[in-house]
Amino acid sequence: MKNVGNSAVRIERVLFSIAVCVCIFVCNSGLVFAWKPTTHVYLAERALEDALDNGKVTIERLDPATGKVTGVLGEYAVDAATLDALKKYADQYRAGTLGPDAYPDIMTGQQVIHPPTNPDGTNRWLEYLWASSDDSPAIKAFVTGYLTHAAGDMYGHTFVNNFTGGAFTFEPPDNAKKHILLESYIGKRVPDPTFAASIIGVEDFIYQKMVDARPGTYLDKELLIKDGEGTDGAIPRVYSTLRAELEADVVKLMADAAKCKPLNPKCSAVLLKAEANYKKAWIKDIDTGLKAWVTTSDKVAKALFFNPEKKTDVDKAQAIIDDYVNKHLISMSGPPDAVGSLAVLSGKVQDIILKAIPDALAEPIKQFKRNLYDVLIKRATGMSSDELKRYSSQPETYFDTEMTKGTGQLINRSKFDTEMLFMKALDKTIDYKNVGAAYDTVAMSKLLLLSKDSVNKLMADLGSQNRLEKPDIMLGFIKTLDGDNQQAGMILGRDCTAYRQVFMRFAGEKICPKLP
């Protein structure tokens, strides 16, 4: 019999997956955000309200020399199917705008979707989701939101990385501290969005396209690749792999049972069939648990970073996780709920599970038991839990001490407020039109609502010979959501005269230098 989980490595991944997901969920969830989720949705809503006003979006014209708005370039019709979807499913659009910070779960999003873990990077995920976006208006709205999240990260990280010294990393430690501090600080200065996001009508889409990595599927072969970069701690990958191994075991057990002769004491068809039935029950629990993972991730994300109270509700998130563990993860990891008459296996059940747990994991498990929270915080962020809490909840307190040292553009809080955020004196919030990265996020969020023909009309109006070939302007170029200046690869980015009439300059931007 093949060991359950097929090796020490597989079981370690299961344990690491559970641990990291709990860690990231309970540590404020702001690990590598460019814009905080509330900022993402607030900026997306500026594009949404423009589109819903008259079915068109207004694109302003900028002076290429000064970067200032000089008037209106034109109004451009929103793609008909997209407009219909947004009218009917605005809440699904908002959910999509939370993007890989929430779906399929924050750990998979941060470790697999944000970074370039395949040759095409994040674009492969966006193209994959877009290919099925016409399946229903609700899905269209969700996927449009997902692309909008990518647009926000594209500009947000270009801005944030300028002050942190680069994309999020544990080394040097100052980088991680600066990321969490600065992203949290900006998030506190953005007006509230509409706190309504729903995945009703798209749960099965998220499950099938982002969680259910069955052998041979595109998700399995190209995106959540077995033993691929970042996938060793992703619950969708780990349990899809475990399920596939169990399914192969069932086939072999049933074949062996069929070969057993009645009088052969070394070959018991009864025991072999009982073990096969045990594993079938295990497989069923994995199926049920993976489907429940979609709504669990949605609930946890909202508890932690998208709720009207603007509160990181750790207690609620922990309760949601605990409920999932008790109802699903325990049985997904070994003892199925529906054992029925499988008592015939007797003590062999524990052998089936425990044989796969190597001695090498004994000490890590002891450490987790002694202080799971602090051990995992350190492993995931490079910081202690106390440091993470301080930098994310009180960014204004530590701004001057942290943002004035290390790598990246050094800046104090006063200068950042006046020269980068241009905060309103009355309520200390920002006007997105005064913050280049935020303005450009909204502009790109509008452009990705347009059909290919509308984008090409815009290109002609800008005097550009370039024409869009992809079905959406956000497809075909973005390699990573963690990096910066990814906009250089899009159609406007390849024509600086056109680009500078639509997008503002801001700190950290390196494409299309100032034109005379």
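Under a 3.5 Å cut-off, the side chain of D323 and the backbone N or O of A319 do not form any donor-acceptor pair. N456 places a side-chain N or O within 3.5 Å of a backbone atom of L468 that can act as its donor or acceptor partner. The backbone N or O of P236 lies less than 3.5 Å from a partner atom in the side chain of S240, making a donor-acceptor pair. The main-chain N or O of P104 is never found under 3.5 Å from a side-chain atom of T108 such that the two would form a donor-acceptor pair. Remark: side-chain polar atoms of S451 are paired, donor with acceptor, to backbone N or O of S454 under 3.5 angstrom. With hydrogens and angles disregarded, no donor-acceptor distance shorter than 3.5 Å links the side chain of S198 to the backbone of Q92. Judged by distance alone, the side chain of R494 and the main-chain N or O of A488 form no donor-acceptor pair under 3.5 Å.
A 4.5 Å side-chain heavy-atom check between L62 and V502 finds every atom pair outside the cut-off. Looking at heavy atoms from C-beta onward, F306 lies in side-chain contact with P193 at the 4.5 angstrom threshold. Contact check for V112 versus L224: side-chain heavy atoms found under the 4.5 Å cut-off. F503 is listed as a side-chain neighbour of M444, based on a closest heavy-atom distance under 4.5 Å. F142 is not listed as a side-chain neighbour of I139, based on a closest heavy-atom distance of 4.5 Å or more. No side-chain heavy atom of N162 sits under 4.5 Å from any side-chain heavy atom of D484. Proximity of L492 to L462: side-chain heavy atoms (C-beta onward) are separated by under 4.5 Å at one or more points. Between N123 and F477, the closest side-chain pair of non-hydrogen atoms is not below 4.5 Å.
Ion pairing between a basic and an acidic side chain is recognised when a charged N comes within 4.0 Å of a carboxylate O; D84 and K88 show such pairing. The residues E396 and K188 are annotated as salt-bridged, a charged nitrogen and a carboxylate oxygen being separated by less than 4.0 angstrom. Under a 4.0 Å N-O distance rule, the pair D227/R237 does not qualify as a salt bridge. Salt-bridge annotation for D287 and R214: present, with a side-chain N of the basic residue lying under 4.0 Å from a carboxylate O of the acidic one. A salt bridge is absent between D174 and K178; no separation between the charged side-chain nitrogens and carboxylate oxygens falls under 4.0 Å. Between D461 and K457, at least one side-chain nitrogen of the basic residue sits less than 4.0 Å from a carboxylate oxygen of the acidic one, meeting the salt-bridge criterion.
Residues R413 and Y185 bring a donor and an acceptor atom of their side chains to less than 3.5 Å of each other. A donor atom on one side chain and an acceptor atom on the other are not found under 3.5 Å apart for T295 and D298. Between the side chains of W293 and D105, a donor-acceptor pair is found at a separation under 3.5 Å. For the residue pair D212/Y239, the side-chain donor-acceptor check at 3.5 Å is not satisfied. Checking D153 against H40 by side-chain atom types alone, a donor-acceptor pair falls below 3.5 Å. For the residue pair H179/T164, the side-chain donor-acceptor check at 3.5 Å is satisfied. If you check the side chains of S464 and D495, you find a donor sitting under 3.5 Å from an acceptor.
Minimum heavy-atom separation, M420 to A507: SD-CB, 4.0 Å. The minimum heavy-atom distance linking K36 with E183 is given by the pair CG-O, 3.4 Å. Looking at every heavy atom in both residues, A47 comes nearest to L449 through O-CD1, 4.1 Å. Closest approach of K452 and K470 over heavy atoms only: CD-O, 3.5 Å. Here the closest heavy-atom approach between residue H114 and residue P100 is recorded as CE1-CG, 3.4 Å. Nearest heavy-atom pair, Y146 versus Y103, reported as atom, atom and distance to 0.1 Å: OH-O, 2.7 Å.
Judged by the 6.0 Å distance and 45° axis criteria, R124 is not positioned over the aromatic ring of Y128.
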Candidate pair N412 and M403, rule side-chain contact (heavy atoms from CB on, under 4.5 Å), full reasoning = CA-CA 6 Å; N412 60 36; M403 300 307 298; over 6 Å; no

K87 vs L52, side-chain contact (heavy atoms from CB on, under 4.5 Å): CA-CA, chis, key distance, verdict | CA-CA 7 Å; K87 286 180 177 178; L52 296 183; 3.7 Å; yes

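Residues that satisfy the salt bridge (Lys or Arg N to Asp or Glu O under 4.0 Å) test with E45, not counting sequence neighbours, are R94. Partners of D134 under the salt bridge (Lys or Arg N to Asp or Glu O under 4.0 Å) rule, at least two apart in sequence or in another chain, are K140.
Among L182, L181, I180, the single residue meeting the side chain to side chain contact (heavy atoms under 4.5 Å, CB included) criterion with S184 is I180. The only option from T148, L129, T82, L126 that meets the side chain to side chain contact (heavy atoms under 4.5 Å, CB included) definition with V143 turns out to be L129.
For CG of L410, the number of neighbouring non-hydrogen atoms (other residues, nucleotides, ligands) closer than 6.0 Å is greater than 12. The environment of K302 atom NZ is dense: over 12 non-hydrogen atoms of other residues, nucleotides or ligands sit within 6.0 angstrom.
Checked against the 6.0 Å centroid threshold, Y439 and Y155 do not count as a close aromatic pair.
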